[in-house]
Amino acid sequence: LLGVAAGAPSCPHGPALLFVKTSKGEEEGRRFYACSACRGRKDCNFFQWEDEMVSETRLAAREEYNRNHQPPFTHRQNVERYCYECQQLLLPAEWEEHSDHQFLCDISTAQLKSPSQLLYPLENKKTNAQYLFADRSCQFLLDLIIDLGFRRVLSVGTPRLHEMIQSKASRGEDFRVRSLLLDIDFRYSQFYTEDEFCHYNMFNHYFFGGEAARETCRKFLYQHNGQRVILVTDPPFGGLVEALASSFKKLMAMWKETEKEGHNNQEMPMFWIFPYFFESRILEFFPSFRMMDYQVDYDNHALYKHGKTGRRQSPVRIFTNLTPSMIVLPVEEGYRFCVICQRYVSSGNQHCEICNSCTSKDGRQWKHCILCQKCVKPSWLHCNNCNCCALQNHTCEKTDAGCFVCGKAGHKRSTCPSLS
Ligand code: SAH
Ligand code: ZN
Ligand code: ZN
Ligand code: ZN
Ligand code: ZN
């Protein structure tokens, strides 16, 4: 090889390299040009003697050939290509490895701003369990956050909410809400800077990025000019409530430390999105929290989304330490304000005169049981054996420990009536 020569002819792979061929006995070999990228003649058969005269017609034909043999995508388009199988954005040097994978080409800027649409949801129940907010619910949450006057959202395991905020922030100058995503799904690091995403485990409050990431979070929690911060989280439901609560308390403590005097002994505002049957568990760790009636809907959860015909009831609710009356629920969706309870409730949630409260947890109208001295699900009947209300076809057996899900005695987690 002699190297790159000025004025070298080009093949589809760019300027060719100058080589020299020495035959036995010859002192000076004959010099020629060949492809820079391809070792084999099969891949690129470009060849030209250095002293060879090339006709205008051949030059023109060669240019045409080169043009036709460019890769199907431009550099720009290629950088924006995405491998479905590896769930990775690919750099030019990495394409080769993914050549037999399913690619997504021509990714638009809009798509890059909606990674949750691009990435397939991780549905491993034990670990990730990614259930993405339906657009309607996500928009509702964001509107609520804005109406409540928050300017910063610590999005813990809420990539879609984060995405909606980021996307609006990049479009409108008058949109001043900012978000920091903390999530264990490292695929998101491809789409956000280190100021927008921290690789974080909400079960052990672990920042994979170490002290720098922790500092990013701390800085984000610091309330500049009274820009209020709220923690919004939607953890996997299979998760241990205790572990989650402990991490959230640490995040709240982090918030408190950022400004020693400013918070007047308040708790960091928070929305914890979780199924209603975990109410007693959550309240155990956060006694100041109240459960809202709003039903959070999901895109990829068959059970938790609106059916085409009529509404499927989602069991997922918002738990918050904010004053319930401030959480305004959409009247168009049937929610109404109960003046006595001072909060918005589902249309089916009737105020019980005896309990003096709107008692339904699942949105259906509950009925009061005199013997139990509380309201119960409409499908339940009072069982004299068990001395409480239960499903009619339940098996009357006492278990010592309370149910893991609802905490009540009489059944195990697997047969918890809340889950039915
Ligand atoms: N409804 C939300 C997504 C909730 S799914 C939305 O649409 O934005 C649960 C989220 O928690 C997923 O993003 C998942 O990656 C994340 N997650 C799961 N386990 C986690 C963990 N141990 N630490 C932090 N995030 C976790
Ligand atoms: Zn009421
Ligand atoms: Zn009642
Ligand atoms: Zn009863
Ligand atoms: Zn019974």
Side-chain angles (χ1 to χ4, degrees), residues 87 114-117 119-142 153-166 179 181-189 197-208 232-240 243-244 247-248 251 271-274 296-301 304-305 314 316 318 341 349-361 365-392 394 408 410 417:
Q87 294 281 295
S114 310
S116 76
Q117 310 271 359
L119 302 166
Y120 60 73
L122 303 173
E123 290 191 4
N124 181 333
K125 291 221 162 50
K126 289 251 159 53
T127 50
N128 281 273
Q130 281 179 326
Y131 296 118
L132 301 168
F133 293 134
D135 199 55
R136 198 177 50 87
S137 282
C138 200
Q139 189 66 61
F140 163 76
L141 281 169
L142 182 51
V153 182
L154 186 65
S155 299
V156 184
T158 54
R160 198 158 258 186
L161 177 64
H162 175 72
E163 175 178 309
M164 189 176 260
I165 295 171
Q166 294 290 108
S179 171
L181 176 64
L182 306 188
D183 203 289
I184 202 156
D185 187 350
F186 194 58
R187 296 177 304 170
Y188 282 103
S189 66
F197 170 75
C198 295
H199 192 199
Y200 174 79
N201 187 345
M202 63 166 110
F203 288 115
N204 55 8
H205 187 60
Y206 181 69
F207 286 86
F208 294 85
V232 180
T233 186
D234 186 9
F237 307 150
L240 294 167
L244 292 169
S247 296
F248 301 149
L251 287 171
F271 287 162
W272 180 342
I273 296 160
F274 226 48
V296 180
D297 283 315
Y298 294 82
D299 257 358
N300 59 334
H301 200 298
Y304 300 172
K305 72 178 178 191
S314 161
V316 184
I318 301 167
C341 294
N349 196 354
Q350 296 289 313
H351 191 87
C352 170
E353 301 290 337
I354 307 164
C355 295
N356 195 28
S357 157
C358 289
T359 45
S360 171
K361 304 290 182 193
Q365 185 177 344
W366 284 24
K367 54 177 192 188
H368 193 87
C369 172
I370 307 287
L371 295 167
C372 289
Q373 296 185 309
K374 65 175 183 186
C375 283
V376 295
K377 287 188 175 183
S379 52
W380 288 10
L381 290 172
H382 193 84
C383 168
N384 290 318
N385 253 342
C386 297
N387 204 21
C388 68
C389 282
L391 279 172
Q392 192 165 19
H394 74 284
K408 294 190 190 88

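Both ligands and their constituent atoms are indexed starting at 1 by order of listing.
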Q | side chain to side chain contact (heavy atoms under 4.5 Å, CB included) assessment of V296 paired with F140 | A | CA-CA 9 Å; V296 180; F140 163 76; over 6 Å; no
Q. Taking it one step at a time, do L132 and Q117 satisfy side chain to side chain contact (heavy atoms under 4.5 Å, CB included)?
A. CA-CA 9 Å; L132 301 168; Q117 310 271 359; over 6 Å; no
Q) What atoms of ligand 1 come within less than 4.0 Å of a heavy atom belonging to L161? A) 8 (O)
(Q) With respect to the Zn ion (ligand 4), please indicate if C388 possesses an N, O or S atom at a distance under 2.8 Å. (A) no
Q) Can an N or O of L132 be found at a distance shorter than 3.5 Å from an N or O of ligand 1? A) no
Q: Mind running side chain to side chain contact (heavy atoms under 4.5 Å, CB included) on T233 and F271 for me, showing each step along the way?
A: CA-CA 6 Å; T233 186; F271 287 162; over 6 Å; no
Q) Using 30° and 60° as the class limits, which term best fits the ring planes of W272 and F248: parallel, tilted or perpendicular? A) perpendicular
Q: Report yes if P235 has an N/O atom closer than 3.5 Å to an N/O atom of ligand 1; otherwise report no.
A: no
Q.
If I compare all heavy atoms of S379 with all of L391, which pair ends up nearest, and what's the gap?
A. OG-CD2, 3.8 Å
Q | Closest non-hydrogen atom pair, V376 against W366 | A | O-CB, 3.1 Å
Q) Taking the Zn ion (ligand 3) as the centre, how many protein N/O/S atoms fall inside a distance shorter than 2.8 Å? A) 4
Q: For Y131, counting its heavy atoms only, list the atoms of ligand 1 lying under 4.0 Å from any of them.
A: 1 (N), 2 (C), 3 (C), 4 (C), 5 (S), 7 (O)
Q) How about K374: does its NZ atom have over 12 heavy atoms from other parts shown lying under 6.0 Å from it? A) no
Q | Shortest-distance N, O or S atom of H382 relative to the Zn ion (ligand 4) | A | ND1
Q) For H162, which of S116, S179, S155 qualifies under side-chain hydrogen bond (donor to acceptor under 3.5 Å, both in side chains)? A) S179
Q | Which of the ligand 1 atoms, numbered from 1, are nearer than 4.0 Å to a heavy atom of G157 | A | 2 (C), 3 (C), 4 (C), 9 (C), 10 (C), 11 (O)
Q. If you count the atoms of ligand 1 from 1 in the order shown, which ones are under 4.0 Å from a heavy atom of Y298?
A. 1 (N)
Q | Numbered atoms of ligand 1 (with element) below 4.0 Å of Y200, judged on heavy atoms | A | 23 (N), 24 (C)
Q.
If you take the nearest heavy atom of each of T233, D234, L182, which one is closest to atom 9 (C) of ligand 1?
A. D234
**Q.** Presence of salt bridge, D299 and R160, under 4.0 angstrom
**A.** yes
Q: Start with the C-alpha distance between D234 and F133, add both sets of side-chain angles, then the distance that settles side chain to side chain contact (heavy atoms under 4.5 Å, CB included), and finish with yes or no.
A: CA-CA 10 Å; D234 186 9; F133 293 134; 3.2 Å; yes
Q) What atoms of ligand 1 come within less than 4.0 Å of a heavy atom belonging to I184? A) 17 (N), 18 (C), 19 (N), 20 (C), 21 (C), 22 (N), 23 (N), 24 (C), 25 (N), 26 (C)
Q) Are D185 and H199 close enough that a side-chain donor and a side-chain acceptor fall under 3.5 Å? A) no
**Q.** Heteroatom proximity flag, D183 to ligand 1, N/O under 3.5 Å
**A.** yes
**Q.** T158 to V232 - nearest heavy-atom pair and separation
**A.** OG1-O, 3.8 Å
Q: Can you sort out which atoms of ligand 1 are near D185, meaning under 4.0 Å from one of its heavy atoms?
A: 15 (O)
**Q.** Proximity of Y200 and H205 rings by center, below 6.0 Å
**A.** yes
Q.
Distance under 4.0 Å to a non-hydrogen atom of P236: what atoms of ligand 1 satisfy this?
A. 18 (C), 19 (N)
